[in-house]
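The structure under discussion appears below in the form of structure tokens.
What you see below is based on every heavy atom in this structure, not just the backbone, and it leaves out hydrogens, waters and symmetry mates. Naming convention: chains lettered A, B, ... in sequence-line order (proteins, then strands); numbering from 1 in each chain.
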Amino acid sequence: MDEQGRLMQARGVGIPGLPIHGGPQTLTPHPMHEPPTDNGEPRKQDIGDILQQIMTITDQSLDEAQAKKHALNCHRMKPALFSVLCEIKEKTGLSIRNSQEEEPVDPQLMRLDNMLLAEGVAGPEKGGGSAAAAAAAAASGGVSPDNSIEHSDYRNKLSQIRQIYHAELEKYEQACNEFTTHVMNLLREQSRTRPISPKEIERMVGIIHRKFSSIQMQLKQSTCEAVMILRSRFLDARRKRRNFSKQATEVLNEYFYSHLSNPYPSEEAKEELAKKCSITVSQVSNWFGNKRIRYKKNIGKFQEEANIYAVKTAVSVTQGGHSGANSPTTPTSAGGVLAPHDGPWLQ
DNA sequence: CCTAATGATTAGTG
DNA sequence: CACTAATCATTAGG
């Protein structure tokens, strides 16, 4: 028991180089490396007393402790003692060990940052932002419908998200700075009454920053989510499908039925049709793909439509000169169905 | 509501 | 890569 008590005490203040005077008289330590100065003993005694007071201060009543604290605080040895204790804390790594400096730049955070940048949420201000967003849409979406009407809606929503994101980010930043200065002030304040090394403060600031950056990551993550939802809601044309204008379908149908024997527009023809209908080339291709398959699947259903558009005579199809004598008569005379049976594309 | 029409997407093919 | 065929998701209309 006695031994254990000694051990505990020794563990508490038993610091190499700082002899203790708390134990039994018989146990006066005599470190070998202590310089044999004449007045070494009184000084050691002095420090030992201070330490003893510090150790017992928690056992005392508040008022009494307050007075003792004050007395200790004003002791001439205090600064030196504190600096020594700070050094010891550093050396023993009492408060370190959680400083995995240079954390490997969390790959997930990188991913989020890159994505936000690509979406134009994080990057520079307005102009570049929307351009970046459009570029990203074109790059990943493959098809970038420049139908600006609904696109502006998308941009509005995106800039809304961005606004919120930046506001939140700034709020976090401010809160972080506030908290940091608060903690620093607190530590500085405390450093008058307990040994705190500057490095410790530095480390504390680092911890705070890491914590806040993890909060920031949450913000980034949810922002990314919001952008993704917006994307799928507005840019996925499948969801936001708009029928082509009457005029556009007219142009397309005209081409289709006037080239019924070979309804495969060349790339140039597609480009021209796209321009005329103010849609993209891919949309033209989609339209023709759909039209061909649906026409073939049920020719009867399209007869009426065919007759309407057939009044425009085919121009130079691959070689079909058969319909030369066909004059554009009144639609009522088209009771006899036009025969599209010459389509090799029907197999 | 339901259904047909319709533009877009996807898997599969050459 | 262009195309077909099937399918999805939305729109228009009864």
Grab the two heavy atoms, one from A:Ala274 and one from A:Val281, that are nearest each other, plus how far apart they are.
CB-N, 3.9 Å
Whole-Å distance, A:Arg294 CZ to B:dA5 C1', equals 8 Å
What is the nucleic acid contact for A:Asn286, judged by heavy atoms within less than 4.0 Å: base, sugar-phosphate only, or nothing?
base
If only side-chain N and O atoms count, and only distance matters, is there a donor-acceptor pair under 3.5 Å linking A:Asn243 with A:Arg241?
yes
Does OP1 or OP2 of C:dA9 have a side-chain N or O of A:Arg242 closer than 4.0 Å?
no
Considering only side-chain heavy atoms of A:Lys270, which listed nucleotide, B:dT6, B:dA8, C:dC3, is closest?
C:dC3
In whole Å, I'd like the distance from the CD atom of A:Glu305 to the P atom of B:dA5.
11 Å
Closest contact, heavy atoms only, A:Tyr165 versus A:Lys220:
OH-CE, 3.4 Å
Mark yes or no for whether A:Arg162, through its side chain, and A:Ala122, through its backbone, hold a donor-acceptor pair below 3.5 Å.
no
Looking at C:dA6, C:dT4, B:dA5, which one has an atom nearest to any side-chain atom of A:Ile293?
C:dT4
Report which part of the nucleic acid A:Lys291 touches: base, sugar-phosphate, or nothing (heavy-atom distance under 4.0 Å, all strands).
nothing
Just the rounded figure in Å: distance from P of B:dG7 to CG of A:Leu273.
14 Å
Looking only at heavy atoms, which two atoms of A:Thr249 and A:Lys246 are closest? And how far apart?
OG1-O, 2.8 Å
When you get a sec, tell me which of B:dG7, C:dA2, C:dT4 is the closest nucleotide to the side chain of A:Asn243?
B:dG7
Just how large is the angle between the end axes of the helix from B:dC1-C:dG14 to B:dG14-C:dC1, five pairs per end, to 10 degrees?
0°
What is the distance, to the nearest angstrom, from the CG atom on A:Asn298 to the C1' atom on B:dT6?
15 Å
In whole Å, what is the span from the CD atom of A:Gln283 to the P atom of C:dA2?
16 Å
Would you indicate which nucleotide in C:dC3, C:dA6, B:dG7 comes nearest to any side-chain atom of A:Trp287?
B:dG7
What is the distance from CH2 of A:Trp345 to P of C:dC3, rounded to the nearest Å?
13 Å
In this structure, how many angstroms lie between the P atom of C:dC1 and the OH atom of A:Tyr264, rounded?
19 Å
Quick check: any donor-acceptor pair below 3.5 Å linking the side-chain of A:Arg241 to the base of B:dT6?
yes
Could you check whether A:Glu305 pairs with A:Lys291 (Lys NZ or Arg NE/NH1/NH2 to Asp/Glu carboxylate O, under 4.0 Å)?
yes
Measuring only between side-chain heavy atoms, which start at C-beta, is A:His259 closer than 4.5 Å to A:Tyr264?
no
Under 4.0 Å: is that the gap between some side-chain N or O of A:Lys301 and OP1 or OP2 of B:dA5?
yes
A:Arg292 CZ to C:dT4 P, straight-line distance once rounded to whole Å
4 Å
